Amino acid sequence: MKIFITGISGFIGFHTAIAMSKLGIEVHGCDNFNAYYDPALKRARQAILRDQGVDVIECDIQDVHTLGPLFDRIRFTHFFHLAAQAGVRESMRNPQLYVDSNLNGFIRVLELIAGLRQDIRFVFASSSSVYGVNQTIPFKESDVTDQPASLYAATKKANELIAHSYHHIYKIPMTGLRFFTVYGPWGRPDMAYYKFTQSIDQGKPIPVYGDGTFTRDFTYIDDIVSGILATLKLTSSYDVFNLGNNKPQSVNQLVSLIEERLGKKAEIIYEPQPPGDVITTFADTQKSEQTLHYYPKVSFEKGLDLFIDWYLSYHHKSEPADLLTLYNSCSSI
Ligand SMILES: NC(=O)c1ccc[n+]([C@@H]2O[C@H](COP(=O)([O-])OP(=O)(O)OC[C@H]3O[C@@H](n4cnc5c(N)ncnc54)[C@H](O)[C@@H]3O)[C@@H](O)[C@H]2O)c1
């Protein structure tokens, strides 16, 4: 088994690569280290990956001249396509980034894989956002998903459709994973749980949209990684799966837990719901249970504790932290 991961220095790519490497699997990957959020965090993840013997190449997924020869040389068996421009609100400010990475980049990668004419499983990151303005909860894979609420969601839905067309023509086995609000140590600083922790810690106000009763199906990173690892055993031809927690939490609950763990009170500024945001996400996980044996184990309280422990170590060390020690102390894998 040989693995290639795009977006390997991103939050989910990093944890996936480490988990696979710990299983003795040869892991390669690429990342363009863009500045959507602090690239220093991506470099810190890269340093840990290199220390674990994971091969990280700095390259954009649209750069076929670099990736083509690389793919020919590595001859991987499984491809995990996690690189994308993430974030719902950024897609209103900077739509071209989503066209470049999530559409153009996605097709370029698929073209290269189709050209290899090898037996490769292609696993790609989709998102709970494909459920869009769907009102039926919990969200099931069989629900109609043709009403996205943002350009980001539309590109993720497009990925599922484009992947199917390449599967149909080139017979590439494909798996789409609809991730639900993934959180945890080494997480993404653009996401609410991280931004709220940072602002409350620094005594800055936090914006809460609506009355704070919006809910998200927060899913701990180790549970997500267990679902990703399960795809290594799949034999199905084309499928999509929810990887969620099946237990949505409100923004108000999130804020109270962070306040409690940090021992500091949040200064909340209530703002109207931004266009593009949905009221709830809630995964039905029956299909993932049956096929991937996916049973998320980490409670929101426990997962948030693990995140905050890591956050305090990473951001509050006066000496530069030994990254590997920090990784090991904050990982429950
Ligand atoms: N984290 C979540 O809650 C969540 C939820 C649903 C879906 N997803 C999807 O899962 C995947 C991984 O998300 P993440 O949370 O790890 O995000 P992330 O931003 O931390 O990771 C993505 C990585 O891809 C890299 N990248 C972006 N565009 C690239 C390009 N053109 N070429 C090469 N590298 C590029 C980035 O530098 C980044 O390191 C993404 O596809 C995202 O849309 C994430």
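Both counts, for ligands and for their atoms, begin at 1 and track the order of listing. This structure is a prediction, so every number in the text was calculated from the model and none was measured.
Note: an N/O pair closer than 3.5 Å links N32 and ligand 1 by distance alone. At under 3.5 Å, not a single nitrogen or oxygen of F180, backbone or side chain, sits near a nitrogen or oxygen of ligand 1. For the pair G10 and ligand 1, the shortest N or O to N or O distance falls below 3.5 Å. Looking at G13 next to ligand 1, no N or O pair under 3.5 Å apart turns up. The N/O atoms of I12, backbone and side chain alike, include one that comes under 3.5 Å of an N/O atom in ligand 1. Ligand 1 has a nitrogen or oxygen under 3.5 angstrom from a nitrogen or oxygen of V182. In terms of polar-atom proximity, Y36 is not counted as a contact of ligand 1, lacking any N or O under 3.5 Å from an N or O of the ligand. The distance criterion of under 3.5 Å between nitrogen or oxygen atoms is not met by Q85 with respect to ligand 1.
Looking at atom 25 (C) of ligand 1, its nearest protein heavy atom turns out to be D31 OD1, 3.4 Å. At the shortest separation from atom 32 (N) of ligand 1 among protein heavy atoms lies I61 N, 2.9 Å.
Formation of a donor-acceptor pair under 3.5 Å by the R45 side chain with backbone atoms of W186 is found in this model. Side-chain atoms of D217 come within 3.5 Å of backbone atoms of K247 as a donor-acceptor pair (strictly under, hydrogens ignored). No donor-acceptor distance shorter than 3.5 angstrom exists from the side chain of H78 to the backbone of R121, with no hydrogens or angles considered.
Salt bridge present: D239 and K287 bring a charged side-chain N and a carboxylate O closer than 4.0 Å. E90 and R93 are joined by a salt bridge, as a carboxylate oxygen and a charged side-chain nitrogen come within less than 4.0 angstrom of each other. A salt bridge links D277 with R89: the distance from a Lys NZ or Arg NE/NH1/NH2 to an Asp or Glu carboxylate oxygen falls below 4.0 Å. The pair E58-R43 counts as a salt bridge, with a side-chain nitrogen and a carboxylate oxygen less than 4.0 angstrom apart.
Less than 4.0 angstrom separates some heavy atom of S126 from each of these atoms of ligand 1: 6 (C), 7 (C). Atoms of ligand 1 lying under 4.0 Å from at least one heavy atom of D60, given by number and element, are 30 (C), 31 (N), 32 (N), 33 (C). Heavy-atom proximity to S9, at under 4.0 Å, picks out these atoms of ligand 1: 39 (O). Below 4.0 Å from some heavy atom of K156 lie the following atoms of ligand 1, by number and element: 40 (C), 41 (O), 42 (C), 43 (O). Annotation for ligand 1: atoms under 4.0 Å from non-hydrogen atoms of M191 are 1 (N), 3 (O). The N34 neighbourhood of ligand 1 comprises atoms 26 (N), 27 (C), 28 (N), 36 (C), 37 (O), with distances under 4.0 Å to a heavy atom of that residue. Of all atoms in ligand 1, numbered sequentially from 1 with element shown, those under 4.0 Å from a heavy atom of L82 are 11 (C), 12 (C), 40 (C), 41 (O). Of all the atoms in ligand 1, the ones that sit under 4.0 Å from a non-hydrogen atom of C59 are 33 (C).
With distances taken over non-hydrogen atoms, the option nearest atom 18 (P) of ligand 1 out of Q46, R45, R188 is R188. Considering only non-hydrogen atoms, atom 24 (O) of ligand 1 lies nearest to G7 out of G7, P39, A125. The nearest non-hydrogen atom to atom 8 (N) of ligand 1, considering only Y193, Y152, Y183, comes from Y152. The closest non-hydrogen atom to atom 20 (O) of ligand 1, taken over F14, Y37, F179, F124, comes from Y37.
In this structure, R188 is not positioned above the aromatic face of Y37 in the sense of NZ or CZ being under 6.0 Å from the six-membered ring centre and within 45° of the axis. Both cation-pi conditions hold for R178 and Y131: the charged atom is under 6.0 angstrom from the six-membered ring centre and inside a 45 degree cone around its axis.
Atom CG of L112 is separated from atom CZ of F71 by 5.5 Å, given to the nearest 0.5 angstrom.
The closest approach between a heavy atom of R178 and any atom of ligand 1 is not below 4.0 Å. Residue contact check for ligand 1: S128 places no non-hydrogen atom closer than 4.0 Å to it.
Between Y98 and Y152, the two ring planes are perpendicular [angle over 60°; tilted spans 30° to 60°].
Aromatic ring centroids of F79 and F124 lie 6.0 Å or more apart.
D63 and T66 share a donor-acceptor pair across their side chains, judged by distance under 3.5 Å alone. For the 3.5 Å distance criterion, the side chains of S250 and N252 fail to qualify, holding no donor opposite an acceptor. When only modelled atom types and interatomic distance are considered, H316 and D201 share a side-chain donor-acceptor pair under 3.5 Å.
Of all the heavy atoms of T181, the ones lying under 4.0 Å from any atom of ligand 1 belong exclusively to the backbone.
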